[in-house]
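Letters A, B, ... are given to chains in the order of the sequence lines, protein chains preceding strands, and every chain is numbered from 1.
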Protein chains: 2
Amino acid sequence: MPKKKDKSIITEEDLYDLADLFKAFSDTTRIKLLYALMEGELCVADLVEKTGATQSAVSHQLRGLKQMDLIRCRKEGKQVIYFLADDHVHTILQMGMDHVKE
Amino acid sequence: MPKKKDKSIITEEDLYDLADLFKAFSDTTRIKLLYALMEGELCVADLVEKTGATQSAVSHQLRGLKQMDLIRCRKEGKQVIYFLADDHVHTILQMGMDHVKE
DNA sequence: TGAACATATGAATATCTGTTCATATTTGCA
DNA sequence: TGCAAATATGAACAGATATTCATATGTTCA
C-alpha cells in the first residue's frame, strides 16, 4: 500500500513549491508559449513564430517549462512537438485569464 | 451605457497582465503573506511573525500586493490590518495548492 | 508634549532571471 | 557521406527584484 501524504497539512516546502509553480507562469514569453499550446500541440518553429521571441529564447524557456512538467514533448522527424502536460495547466491559465479580464 | 471589453478576444496586453498577475504569486515571502491571509485578516506584526521575514521586507511586499489589488487594508489604531482583496485571490491560491499537492 | 510603538519608505546591494550570440547536436535526404 | 534543417546548449551580459539598513511617518497614551 503506497504511502500517501496528508494533503490537509501545508508545509513550508509546499509554499516554496507553490511560489515556484506560479513563477513558471510569471514571464511573458512563457505565458505566450503556454497560451499558444492551449489550442493544441505545436513544434518549436511554430512557437517561435507565435511568441515573436528568438529560437534560442524559446528553446531555453521550453526547457524550464518541461522541467516543471508543465509541458511535455515528443519527437517527430526533425521536429519536436510540444504540448501541455495536463488539464491542470489549462485550468490555471484559464482562471488567471478570467481574473485579468475581470 | 458603459463600454464593455470583448472578453473573448485575448490581446497581447492581456498576456502581459496575466504574467504580471502570476508574478505577484511567484515569490516565497508574498506566497506566505497571501497564504496567511487566507485564514483571515492580520496586522503587519502578525504577518512578520508568520513569514519569518523582517518587518521592512514584509512592508515592502505588502505594498506590491496592494498595488496589484490582491490585498487591501484598513487602519485600526496604530495597526494596519491587511486582508485578501477578493475571493478570486483565494481561488487562485487554492487551485495552485491543489496542483502542488497533486 | 514627549516617549514608545507600529508601520512605511528610500537607497544600496546582491542575487536571480531572461536574452543574446555562438556553437553543438540530431535527423532527413541527396 | 555530406549538407541543410530543426532544435538544444553554454557562457556572458543586462535588467529586474528582494532584502537589508537606516530612517521617516503616524498614532496612542502618560
Side-chain angles (χ1 to χ4, degrees), chain A residues 12 15-37 40-85, chain B residues 12 15-37 40-85:
Chain A
E12 173 136 9
L15 295 178
Y16 274 86
D17 291 345
L18 188 53
D20 280 344
L21 174 67
F22 287 124
K23 200 173 295 174
F25 293 84
S26 71
D27 170 76
T28 307
T29 300
R30 287 193 296 272
I31 280 285
K32 285 181 184 174
L33 289 171
L34 292 170
Y35 219 81
L37 293 175
E41 52 184 37
L42 290 168
C43 71
V44 177
D46 288 343
L47 289 168
V48 167
E49 207 216 321
K50 295 240 182 195
T51 57
T54 65
Q55 184 272 317
S56 181
V58 166
S59 189
H60 279 297
Q61 297 297 0
L62 287 172
R63 179 149 65 116
L65 292 171
K66 197 174 153 204
Q67 275 175 165
M68 293 281 306
D69 196 35
L70 297 180
I71 61 176
R72 292 178 190 155
C73 65
R74 67 166 195 281
K75 298 196 83 170
E76 204 161 276
K78 272 184 288 196
Q79 308 193 116
V80 180
I81 315 288
Y82 284 88
F83 48 93
L84 295 186
Chain B
E12 174 135 11
L15 296 178
Y16 274 87
D17 291 344
L18 189 52
D20 281 342
L21 173 67
F22 286 124
K23 198 174 295 174
F25 294 84
S26 72
D27 170 77
T28 308
T29 299
R30 286 193 295 272
I31 279 286
K32 285 181 183 173
L33 289 171
L34 293 169
Y35 218 79
L37 294 174
E41 50 182 37
L42 290 168
C43 70
V44 178
D46 289 343
L47 289 168
V48 167
E49 206 216 321
K50 295 241 182 193
T51 57
T54 66
Q55 184 271 315
S56 181
V58 166
S59 189
H60 279 298
Q61 296 298 359
L62 286 173
R63 179 149 65 114
L65 292 171
K66 199 173 148 206
Q67 275 174 166
M68 293 281 304
D69 195 35
L70 297 179
I71 61 176
R72 293 177 188 155
C73 65
R74 66 164 196 283
K75 298 195 84 169
E76 203 161 277
K78 274 185 287 197
Q79 307 193 119
V80 180
I81 315 289
Y82 283 88
F83 49 93
L84 296 186

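- At a threshold of 4.0 Å, the pair B:R72-B:D69 counts as salt-bridged, since one of the basic side-chain nitrogens sits closer than that to a carboxylate oxygen.
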Polar atoms only, N or O, under 3.5 Å: list the protein pairs with nucleotides 2-6 of chain D and their distances.
none

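- For D:dT17, the OP1/OP2 oxygens have a side-chain nitrogen or oxygen of B:K23 closer than 4.0 Å.
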Let me have the donor-acceptor pairs involving side chains of residues 52-63 of chain A, under 3.5 Å, with sequence neighbours excluded, atom names and distances please.
| unit_1 | atom_1 | unit_2 | atom_2 | d |
| --- | --- | --- | --- | --- |
| A:T54 | OG1 | A:A57 | N | 3.0 |
| A:Q61 | OE1 | A:R30 | NH1 | 2.9 |

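- Nucleic acid contact class of B:K66 (heavy atoms, under 4.0 Å, all strands): none.
- Side-chain contact between B:V44 and B:V48 is present, with heavy atoms from C-beta onward closer than 4.5 Å.
- Residues B:Y82 and A:A53 each lie close to DNA chain C; by heavy-atom proximity, the contact nearer the 5' end of the strand is made by B:Y82.
- How far CG of A:L37 is from CG of A:L47: 5.0 Å, rounded to the nearest 0.5 Å.
- In this structure, A:F25 CZ and A:L65 CG are separated by 8.0 Å, a value rounded to the nearest 0.5 Å.
- Here B:E41 pairs with B:R74, B:I81, B:F83 under the side chain to side chain contact (heavy atoms under 4.5 Å, CB included) rule; sequence neighbours left out.
- In this structure, CG on A:D17 lies 9.0 Å from CG on A:L21, to the nearest 0.5 angstrom.
- D:dA8 atom P lies 7 Å from atom CG of A:L62, rounded to whole Å.
- Distance A:F22 CZ to D:dT17 P: 18 Å, rounded to the nearest Å.
- The side chain of B:R63 contributes no N or O atom lying less than 4.0 Å from OP1 or OP2 of C:dA8.
- Going from atom CZ of A:R74 over to atom C1' of D:dA8 covers 19 Å, rounded to whole Å.
- In this structure the side chain of A:F22 reaches within 4.5 angstrom of the side chain of B:I31, judged on heavy atoms.
- Distance check: A:E49 CD to A:C43 SG gives 9.5 Å after rounding to the nearest 0.5 Å.
- For the pair B:K75 NZ and C:dT7 P, the computed distance is 10 Å after rounding to whole Å.
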Can you check nucleotides 1-3 of chain C for protein contacts, nitrogen or oxygen pairs under 3.5 Å, and list what you find?
none

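- In this structure, the side chains of B:K23 and B:D20 come closer than 4.5 Å at one or more pairs of heavy atoms.
- Scanning residues 25-37 of chain A for heavy-atom distances under 4.0 Å to DNA chain C yields A:D27, A:T29, A:R30.
- The distance between atom CG of B:L65 and atom C1' of D:dA18, rounded to the nearest whole Å, is 13 Å.
- Relative to the side chain of A:Q61, the nucleotides C:dT26, C:dT19, D:dG26 differ in distance, and C:dT19 lies closest.
- A 4.5 Å side-chain heavy-atom check between A:Y82 and A:L42 finds every atom pair outside the cut-off.
- The separation between A:I71 atom CD1 and D:dT7 atom C1' is 13 Å, rounded to whole Å.
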Walk me through whether A:I71 and A:L33 qualify under side chain to side chain contact (heavy atoms under 4.5 Å, CB included).
CA-CA 10 Å; A:I71 61 176; A:L33 289 171; over 6 Å; no

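- Here A:L70 contributes atom CG and A:L34 contributes atom CG; the two are 6.5 Å apart, rounded to the nearest 0.5 Å.
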Each nucleotide N or O in nucleotides 21-23 of chain D that has a protein N or O under 3.5 Å away: list the pair and distance.
| unit_1 | atom_1 | unit_2 | atom_2 | d |
| --- | --- | --- | --- | --- |
| D:dC21 | N4 | B:S56 | OG | 2.5 |

